[in-house]
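This report refers to the structure that appears directly beneath it.
Each residue takes its place number in the sequence, starting with 1. Source: prediction; values computed, not measured.
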Amino acid sequence: MKKKVCIMILILAIIGVLTGINSLAEGISKRGIDGVNYGRVIFPLLVGAGTVYLLKMRNDS
């Protein structure tokens with residue numbers, strides 16, 4: 001059960017990163033690198049990395 005939840009969270013994080021990249025690219029083209037909110041890409045990356053870590057820990061034990 002926990003593995004299915006982790007995989008679903010990972011899929012949602014990947015979707016979040018992919019949609020955030022589009023927004024990030026538009027923001028950089030309009031406002032430059034300094035005027036962009038990177039949270040829409042960084043947060044899903046951190047969530048995805050944490051989920052992968054949990055999956056690896058679960059598989060190792």
I'd like a table of donor-acceptor pairs (distance under 3.5 Å, sequence neighbours excluded) in which one partner is a side-chain atom from residues 8-15, with atom names and distances.
none

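- One finds the CG atom of L55 at 4.5 Å from the SG atom of C6 (value rounded to the nearest 0.5 Å).
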All N/O donor-acceptor pairs, side-chain side in residues 36-52, below 3.5 Å, sequence neighbours left out:
unit_1 : atom_1 : unit_2 : atom_2 : d
N37    : OD1    : G39    : N      : 3.0
Y38    : OH     : I33    : O      : 2.9
R40    : NH1    : S23    : OG     : 3.4
T51    : OG1    : V47    : O      : 2.8

